[in-house]
Structure formats: C-alpha cells, structure tokens
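These notes concern the structure reproduced below.
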Amino acid sequence: MTRPLYDRIGATYDVQRRPDPRLAAAIHAALGSARRIINVGAGTGNYEPVGRDVVAVEPSADMIARRPPGAAPAIQGVAGALPFGDASFDAGMAILTMHHWPDHEAGLAELRRVTRGPIVILTFDPAARPWPIDYFPALAALDEAAMPPLDLFERCPGRARILPLPVPHDCTDGFLYAWWRRPAGYLDPHVRAGSSSFWRIDGVDDGVARLAADLASGAWQQRLGHLLTREALDVGYRLIVAD
C-alpha cells in the first residue's frame, strides 16, 4: 500500500492548519441538527463540531496520532471502502480532502451509502484560477487533475447545493489559497509545507523567486494591490451541501 502523503507532511500540518471559526460556522450550519456524523479524510480533526457524536476516518496513521486529546475517535481507513453499514450516520462531512481520493465517485458513493442525511463537502473549483497560479503554474494542472469537477455533485442523486465560500483575509487555516491577501506567506517554507500541493508540483523555487522579486519591486502591488482592501475573497472554494 502506498504510504499516505500526510504521513510525510504531517509534521507541520497541525501548526499551519488551524480551523478558522468563520469557515467552521458555515460548515456546522450546513450539517443542520445531525447528531451522529462521519468525517471522511478527517486529518487532525479540524472543523469537527464539538458536542456531537463524530466518527473520523483517516488514511494517515501520522495524522491520527496528531489528533488532539478529546478529539473524536478515529479509525484508519479510506473513502472508497468505509467500514460501516448503510445509513449509519445522520450526516457526513469531507473537508478539503476529495483531491486525495483516488476515485471521487466511489468515495462519494460510499459516503452517501453510510449517511442518511446531508453530506457537507468543502472542495475547490478547478476552473478557478486565483493569482498564485501565475507564479506556480503547475498548480493549475494539479487542481484540474486532482479536484473533483463540480458537475460530479450535480449528477449525484438528490439535491446538491454548490455555495461559494469566500476566504477571510486573515484566515487562520493555512490551506493553499488562504494567503491571497498575504502574498509573502508563499515565500515561507513552513507555510508551503502545510499545503499538500507544494509537495506535488515542480517549479516551486522558481515561483518563489519570481514572487519575491515582484514583491520587492512593487510589481505585485501594482497589479494586485487592490486585493489589500478586501476583507474576504472568493478564490474558488466551494461548500457542497447534498441532501
């Protein structure tokens, strides 16, 4: 079995990836009144609602070991083969994880099978092209290959709402495009280490050098400085709520 990616990058994950309370509020509201919830691709437990009966499924043993004391119980497993009976949960959640699933449709079908209520998924629209792609163009191809196409959710049984989820400028969760108003973040190797995408692409050093030069010269500010007045921005993240 291939070693899960997060067994290799988990060392910085729990430092760089702290849940943002504003994103958490949107996720928890979408879960409605569900009490028993499965969290697939759960990682260290970010965005799991407190006070509900959550069961986490995560392929990386290292990530499971990094779950904080008091976190929901976690089992090692994969989205495409969930070890639960049909309709075992009131709701399901999968937060910024589907791009790691080898088969999006199989994982989504399994999540639907074990869940009798809403499924809440946070993902990224591969058609979006936020500005960091200008410096790291390999991200575009990676997003296209790894992210589930949004029409996948439209083809699913039942009603699926696809909602833009704007990212606050001071987002505490350091996922890939969360640094849209803090461009210097992409120069920090610790920030990059917290995003799986930078472990998967070539040309990172060249992109860092070009971004550093543009920030030093003022070229970035001249082209994108208008972003510095924005409180939040739609950079392509989508909250899927499937009934």
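Here F175 and F124 keep their ring centres 6.0 angstrom or further from each other.
Of all the heavy atoms in L152 and P148, the pair that sits closest is CD2-CB, 4.0 Å.
Under the 4.5 Å side-chain heavy-atom criterion for Ile, Leu, Val, Met, Phe, Trp and Tyr, I64 and I37 are members of distinct hydrophobic clusters. Using a 4.5 Å cut-off between side-chain heavy atoms of Ile, Leu, Val, Met, Phe, Trp and Tyr, with links allowed through other members, V204 and W179 fall into the same hydrophobic cluster.
Residue pairs meeting the salt bridge (Lys or Arg N to Asp or Glu O under 4.0 Å) criterion with at least one member in residues 25-45, sequence neighbours excluded, are R36-D53.
Inspection of the Y237 and D125 side chains reveals no N or O donor paired with an N or O acceptor under 3.5 Å. Between the side chains of Y135 and D214, at least one donor N or O lies within less than 3.5 Å of an accepting N or O.
The pair D188-R192 does not count as a salt bridge, with every side-chain nitrogen at least 4.0 angstrom from each carboxylate oxygen.
R52 CZ to S33 OG: the interatomic distance, rounded to the nearest 0.5 Å, is 7.5 Å.
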Inset, instruction - For side-chain contact (heavy atoms from CB on, under 4.5 Å), just list the numbers for R67 and E58, CA-CA rounded to whole Å, side-chain angles, deciding distance to a tenth of an Å, and then say yes or no. - result: CA-CA 11 Å; R67 292 173 67 84; E58 166 58 41; 5.9 Å; no
Which atom pairs, one a donor and one an acceptor, fall under 3.5 Å between side chains of residues 160-168 and the rest of the protein, sequence neighbours left out?
none

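Ring pair F136/Y186 is tilted by interplanar angle, where 30° to 60° counts as tilted.
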